[in-house]
Amino acid sequence: MQFDIVTIFPRMIEAALADGIVARALQRDLLRVKVRDLREFTDDRHRTVDDVPYGGGPGMVLKPEPIFRAVDAIAKEGGAPQAVVLVSPHGRRFTQTEAARLAGLSRVTILCGRYEGIDDRVREGLATEEVSIGDYVLSGGELPALVIVDTVARLIPGVVGDEDSVADDSFSRGLLDFPHFTRPAEFRDLKVPDVLVSGHHGEIRKWRKRQALELTLDRRPDLLVDAELDVEEQEILRELMEQKGVAHGRD
Ligand code: SAM
(Lines give C-alpha, C1' and ligand atoms only; values in the text may rest on other atoms or scores of the structure.)
Protein backbone atom coordinates (compact mmCIF):
# COMPACT_ATOMS: atom_id res chain seq x y z
CA MET A 1 0.00 0.00 0.00
CA GLN A 2 1.19 3.52 -0.75
CA PHE A 3 0.20 6.78 0.91
CA ASP A 4 1.02 10.09 -0.78
CA ILE A 5 0.79 12.99 1.63
CA VAL A 6 0.60 16.54 0.30
CA THR A 7 1.73 19.10 2.87
CA ILE A 8 3.56 22.38 3.33
CA PHE A 9 5.43 20.82 6.29
CA PRO A 10 7.04 17.60 4.97
CA ARG A 11 9.47 17.44 7.89
CA MET A 12 6.61 17.10 10.37
CA ILE A 13 5.49 13.93 8.62
CA GLU A 14 8.99 12.55 8.06
CA ALA A 15 9.97 13.05 11.71
CA ALA A 16 6.93 11.17 12.97
CA LEU A 17 7.54 8.27 10.58
CA ALA A 18 11.15 7.84 11.64
CA ASP A 19 10.47 5.62 14.69
CA GLY A 20 8.32 2.75 15.83
CA ILE A 21 6.11 0.22 14.08
CA VAL A 22 5.43 2.38 11.02
CA ALA A 23 9.16 3.07 10.51
CA ARG A 24 9.81 -0.68 10.57
CA ALA A 25 6.99 -1.29 8.10
CA LEU A 26 8.52 1.29 5.76
CA GLN A 27 11.95 -0.30 6.04
CA ARG A 28 10.47 -3.71 5.26
CA ASP A 29 8.52 -2.24 2.33
CA LEU A 30 5.18 -3.41 3.76
CA LEU A 31 4.01 0.16 3.34
CA ARG A 32 5.19 3.19 1.36
CA VAL A 33 4.68 6.81 2.33
CA LYS A 34 5.70 9.53 -0.11
CA VAL A 35 5.65 13.01 1.29
CA ARG A 36 5.01 15.74 -1.30
CA ASP A 37 6.05 19.28 -0.53
CA LEU A 38 3.22 21.47 -1.79
CA ARG A 39 5.68 24.28 -2.56
CA GLU A 40 7.23 22.14 -5.29
CA PHE A 41 3.98 22.47 -7.22
CA THR A 42 3.87 26.27 -7.21
CA ASP A 43 4.80 28.32 -10.27
CA ASP A 44 6.03 31.61 -8.84
CA ARG A 45 9.38 32.76 -7.54
CA HIS A 46 8.12 32.91 -3.94
CA ARG A 47 6.61 29.42 -4.08
CA THR A 48 3.28 30.81 -2.87
CA VAL A 49 0.81 28.26 -1.54
CA ASP A 50 -1.77 30.59 0.06
CA ASP A 51 -3.75 33.75 -0.58
CA VAL A 52 -6.25 36.03 1.15
CA PRO A 53 -9.86 34.83 1.36
CA TYR A 54 -12.42 36.13 -1.12
CA GLY A 55 -15.04 38.10 0.81
CA GLY A 56 -12.51 39.24 3.39
CA GLY A 57 -11.95 38.00 6.92
CA PRO A 58 -8.97 36.78 8.90
CA GLY A 59 -6.30 34.30 7.88
CA MET A 60 -5.12 32.81 4.64
CA VAL A 61 -6.45 30.02 2.45
CA LEU A 62 -4.44 27.36 0.60
CA LYS A 63 -4.64 27.99 -3.14
CA PRO A 64 -6.18 25.30 -5.34
CA GLU A 65 -3.69 25.18 -8.25
CA PRO A 66 -0.64 23.69 -6.46
CA ILE A 67 -2.84 21.03 -4.83
CA PHE A 68 -4.43 20.00 -8.15
CA ARG A 69 -0.94 19.90 -9.71
CA ALA A 70 0.41 17.76 -6.86
CA VAL A 71 -2.37 15.19 -7.32
CA ASP A 72 -1.87 15.25 -11.12
CA ALA A 73 1.83 14.47 -10.54
CA ILE A 74 0.98 11.63 -8.14
CA ALA A 75 -1.45 10.16 -10.69
CA LYS A 76 1.13 10.48 -13.48
CA GLU A 77 3.68 8.60 -11.42
CA GLY A 78 1.64 5.60 -10.36
CA GLY A 79 -1.91 5.89 -11.73
CA ALA A 80 -4.87 7.70 -10.20
CA PRO A 81 -5.09 7.21 -6.41
CA GLN A 82 -8.05 5.12 -5.27
CA ALA A 83 -8.91 7.70 -2.65
CA VAL A 84 -8.01 11.37 -2.31
CA VAL A 85 -8.66 12.14 1.33
CA LEU A 86 -9.05 15.73 2.41
CA VAL A 87 -8.51 15.93 6.16
CA SER A 88 -10.90 18.48 7.59
CA PRO A 89 -13.01 19.10 10.70
CA HIS A 90 -16.02 18.95 8.30
CA GLY A 91 -15.33 15.34 7.34
CA ARG A 92 -16.80 12.02 8.35
CA ARG A 93 -15.37 10.88 11.68
CA PHE A 94 -12.38 8.56 11.31
CA THR A 95 -12.97 5.21 13.02
CA GLN A 96 -11.41 1.75 13.10
CA THR A 97 -13.99 0.69 10.48
CA GLU A 98 -12.88 3.54 8.21
CA ALA A 99 -9.25 2.53 8.78
CA ALA A 100 -10.05 -1.06 7.76
CA ARG A 101 -11.71 0.21 4.58
CA LEU A 102 -8.64 2.31 3.66
CA ALA A 103 -6.34 -0.63 4.46
CA GLY A 104 -8.06 -2.51 1.64
CA LEU A 105 -6.89 0.10 -0.92
CA SER A 106 -3.49 0.21 -2.56
CA ARG A 107 -2.97 3.95 -3.20
CA VAL A 108 -4.34 6.68 -0.98
CA THR A 109 -3.50 10.38 -1.23
CA ILE A 110 -3.98 12.63 1.78
CA LEU A 111 -4.26 16.41 1.43
CA CYS A 112 -3.26 18.43 4.51
CA GLY A 113 -4.86 21.81 5.04
CA ARG A 114 -3.33 24.76 6.94
CA TYR A 115 -4.36 28.29 7.95
CA GLU A 116 -8.13 28.86 7.52
CA GLY A 117 -8.29 25.76 5.34
CA ILE A 118 -8.15 24.86 1.65
CA ASP A 119 -9.95 26.55 -1.23
CA ASP A 120 -13.26 24.69 -1.37
CA ARG A 121 -12.82 23.76 -5.03
CA VAL A 122 -10.34 21.11 -3.84
CA ARG A 123 -13.17 19.44 -1.91
CA GLU A 124 -15.53 19.86 -4.86
CA GLY A 125 -13.29 18.84 -7.73
CA LEU A 126 -10.44 16.75 -6.38
CA ALA A 127 -11.09 15.04 -3.04
CA THR A 128 -13.03 11.78 -3.08
CA GLU A 129 -13.71 11.99 0.66
CA GLU A 130 -13.34 14.25 3.68
CA VAL A 131 -12.17 12.80 6.97
CA SER A 132 -12.14 14.35 10.44
CA ILE A 133 -10.22 12.84 13.35
CA GLY A 134 -12.51 14.40 15.96
CA ASP A 135 -14.53 17.39 17.04
CA TYR A 136 -11.67 19.80 17.67
CA VAL A 137 -9.57 22.07 15.46
CA LEU A 138 -5.86 21.47 14.88
CA SER A 139 -3.57 23.95 13.16
CA GLY A 140 -2.99 21.67 10.22
CA GLY A 141 -3.75 18.38 8.52
CA GLU A 142 -0.36 16.77 9.23
CA LEU A 143 -1.32 15.20 12.56
CA PRO A 144 -4.63 13.87 11.13
CA ALA A 145 -2.69 12.42 8.16
CA LEU A 146 -0.31 10.70 10.57
CA VAL A 147 -3.21 9.37 12.62
CA ILE A 148 -4.65 7.81 9.46
CA VAL A 149 -1.31 6.33 8.30
CA ASP A 150 -0.52 4.85 11.72
CA THR A 151 -3.98 3.34 12.23
CA VAL A 152 -4.11 1.87 8.73
CA ALA A 153 -0.51 0.56 8.93
CA ARG A 154 -1.38 -1.57 11.98
CA LEU A 155 -4.01 -3.35 9.88
CA ILE A 156 -1.63 -4.32 7.06
CA PRO A 157 -0.64 -7.99 7.50
CA GLY A 158 2.88 -8.34 8.90
CA VAL A 159 3.19 -4.77 10.22
CA VAL A 160 2.35 -5.67 13.82
CA GLY A 161 4.37 -8.73 14.81
CA ASP A 162 1.56 -10.60 16.58
CA GLU A 163 -1.67 -10.33 14.61
CA ASP A 164 -3.71 -11.51 17.61
CA SER A 165 -2.76 -8.28 19.33
CA VAL A 166 -4.43 -6.28 16.52
CA ALA A 167 -7.50 -8.55 16.63
CA ASP A 168 -7.84 -7.85 20.38
CA ASP A 169 -7.26 -4.10 20.07
CA SER A 170 -10.04 -1.77 21.13
CA PHE A 171 -12.73 -1.28 18.45
CA SER A 172 -11.62 -4.19 16.21
CA ARG A 173 -14.68 -6.24 17.08
CA GLY A 174 -16.65 -3.41 18.67
CA LEU A 175 -15.20 -3.93 22.17
CA LEU A 176 -12.67 -2.04 24.26
CA ASP A 177 -9.51 -4.05 24.97
CA PHE A 178 -9.12 -5.84 28.32
CA PRO A 179 -6.62 -4.41 30.89
CA HIS A 180 -2.97 -5.45 30.59
CA PHE A 181 -0.41 -6.12 33.35
CA THR A 182 3.26 -7.06 33.46
CA ARG A 183 5.79 -7.96 36.18
CA PRO A 184 6.11 -7.42 39.11
CA ALA A 185 2.99 -9.19 40.40
CA GLU A 186 2.84 -6.73 43.29
CA PHE A 187 3.95 -3.09 43.25
CA ARG A 188 3.26 -0.48 45.96
CA ASP A 189 0.36 -2.58 47.31
CA LEU A 190 -1.13 -2.79 43.82
CA LYS A 191 -1.61 -6.42 42.82
CA VAL A 192 -2.04 -8.10 39.48
CA PRO A 193 -5.38 -9.99 39.45
CA ASP A 194 -4.83 -13.55 40.81
CA VAL A 195 -6.30 -15.22 37.73
CA LEU A 196 -3.53 -13.81 35.50
CA VAL A 197 -0.78 -15.42 37.59
CA SER A 198 -2.72 -18.67 38.04
CA GLY A 199 -1.55 -20.26 34.78
CA HIS A 200 -5.15 -21.41 33.97
CA HIS A 201 -5.42 -20.43 30.33
CA GLY A 202 -9.16 -21.12 30.10
CA GLU A 203 -9.86 -18.93 33.13
CA ILE A 204 -7.58 -16.18 31.84
CA ARG A 205 -9.33 -16.16 28.46
CA LYS A 206 -12.74 -15.91 30.16
CA TRP A 207 -11.55 -13.17 32.56
CA ARG A 208 -10.27 -11.12 29.63
CA LYS A 209 -13.55 -11.49 27.77
CA ARG A 210 -15.47 -10.44 30.86
CA GLN A 211 -13.20 -7.42 31.45
CA ALA A 212 -13.48 -6.26 27.83
CA LEU A 213 -17.26 -6.60 27.95
CA GLU A 214 -17.60 -4.87 31.33
CA LEU A 215 -15.36 -1.97 30.29
CA THR A 216 -17.32 -1.53 27.07
CA LEU A 217 -20.66 -1.76 28.86
CA ASP A 218 -19.59 0.83 31.46
CA ARG A 219 -17.76 3.28 29.23
CA ARG A 220 -18.89 2.82 25.64
CA PRO A 221 -22.22 0.96 25.60
CA ASP A 222 -22.87 2.49 22.15
CA LEU A 223 -20.20 0.14 20.73
CA LEU A 224 -22.13 -2.97 21.82
CA VAL A 225 -24.86 -2.36 19.25
CA ASP A 226 -22.57 -3.53 16.42
CA ALA A 227 -20.12 -5.68 18.41
CA GLU A 228 -19.33 -9.15 17.04
CA LEU A 229 -19.75 -11.43 20.06
CA ASP A 230 -19.30 -15.19 20.26
CA VAL A 231 -21.76 -17.33 22.24
CA GLU A 232 -19.68 -17.18 25.44
CA GLU A 233 -19.41 -13.39 25.22
CA GLN A 234 -23.15 -13.05 24.64
CA GLU A 235 -23.74 -15.11 27.79
CA ILE A 236 -21.25 -13.02 29.84
CA LEU A 237 -22.85 -9.81 28.58
CA ARG A 238 -26.31 -11.04 29.58
CA GLU A 239 -24.96 -11.79 33.09
CA LEU A 240 -23.28 -8.39 33.36
CA MET A 241 -26.41 -6.58 32.23
CA GLU A 242 -28.50 -8.47 34.74
CA GLN A 243 -26.03 -7.65 37.53
CA LYS A 244 -25.90 -4.00 36.59
CA GLY A 245 -29.66 -3.89 36.17
CA VAL A 246 -29.94 -5.11 39.82
CA ALA A 247 -27.34 -2.52 40.89
CA HIS A 248 -29.22 0.26 39.10
CA GLY A 249 -32.48 -0.87 40.70
CA ARG A 250 -30.90 -0.42 44.11
CA ASP A 251 -29.59 3.10 43.35
N1 SAM B 1 -11.29 27.07 9.58
C2 SAM B 1 -11.38 25.65 9.68
C3 SAM B 1 -12.66 25.27 10.43
O4 SAM B 1 -12.99 25.92 11.39
O5 SAM B 1 -13.28 24.26 10.04
C6 SAM B 1 -10.21 25.05 10.42
C7 SAM B 1 -8.94 25.06 9.67
S8 SAM B 1 -7.64 24.28 10.53
C9 SAM B 1 -6.96 25.59 11.44
C10 SAM B 1 -6.44 23.97 9.30
C11 SAM B 1 -6.44 22.56 8.74
O12 SAM B 1 -6.17 21.62 9.77
C13 SAM B 1 -7.71 22.09 8.10
O14 SAM B 1 -7.84 22.55 6.77
C15 SAM B 1 -7.55 20.58 8.15
O16 SAM B 1 -6.77 20.10 7.08
C17 SAM B 1 -6.77 20.38 9.44
N18 SAM B 1 -7.62 19.98 10.58
C19 SAM B 1 -7.86 20.69 11.69
N20 SAM B 1 -8.64 20.03 12.54
C21 SAM B 1 -8.89 18.82 11.98
C22 SAM B 1 -9.65 17.69 12.38
N23 SAM B 1 -10.30 17.64 13.52
N24 SAM B 1 -9.67 16.61 11.55
C25 SAM B 1 -9.02 16.65 10.37
N26 SAM B 1 -8.31 17.70 9.94
C27 SAM B 1 -8.24 18.78 10.72
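Since this is a predicted model, take the numbers as computed values, not measurements. Read the numbers this way: they start at 1 and go in the same order the structure lists the ligands and their atoms. Computed from heavy atoms alone, side chains included, the values below leave out hydrogens, waters and symmetry copies.
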_Donor-acceptor side-chain pairing of Q82 and S106 below 3.5 angstrom_ = yes
*Side chain of T216, backbone of L176: donor and acceptor closer than 3.5 Å?*
yes
*Report yes if the side chains of I21 and V159 come closer than 4.5 Å at any heavy-atom pair, otherwise no.*
yes
*What's the spacing between L86 CG and E124 CD if we round to 0.5 Å?*
12.5 Å
*Looking at T109 and V71, what are the two nearest heavy atoms and their distance?*
CG2-CG2, 4.3 Å
*Non-hydrogen atoms closer than 4.0 Å to ligand 1: which protein residues do they belong to? List them by chain and number, please.*
V87, S88, P89, H90, G113, R114, Y115, E116, G117, V131, S132, I133, G134, Y136, V137, L138, S139, G140, G141, P144
_For E228, is there any backbone N or O sitting under 3.5 Å from a side-chain donor or acceptor partner on R173?_
yes
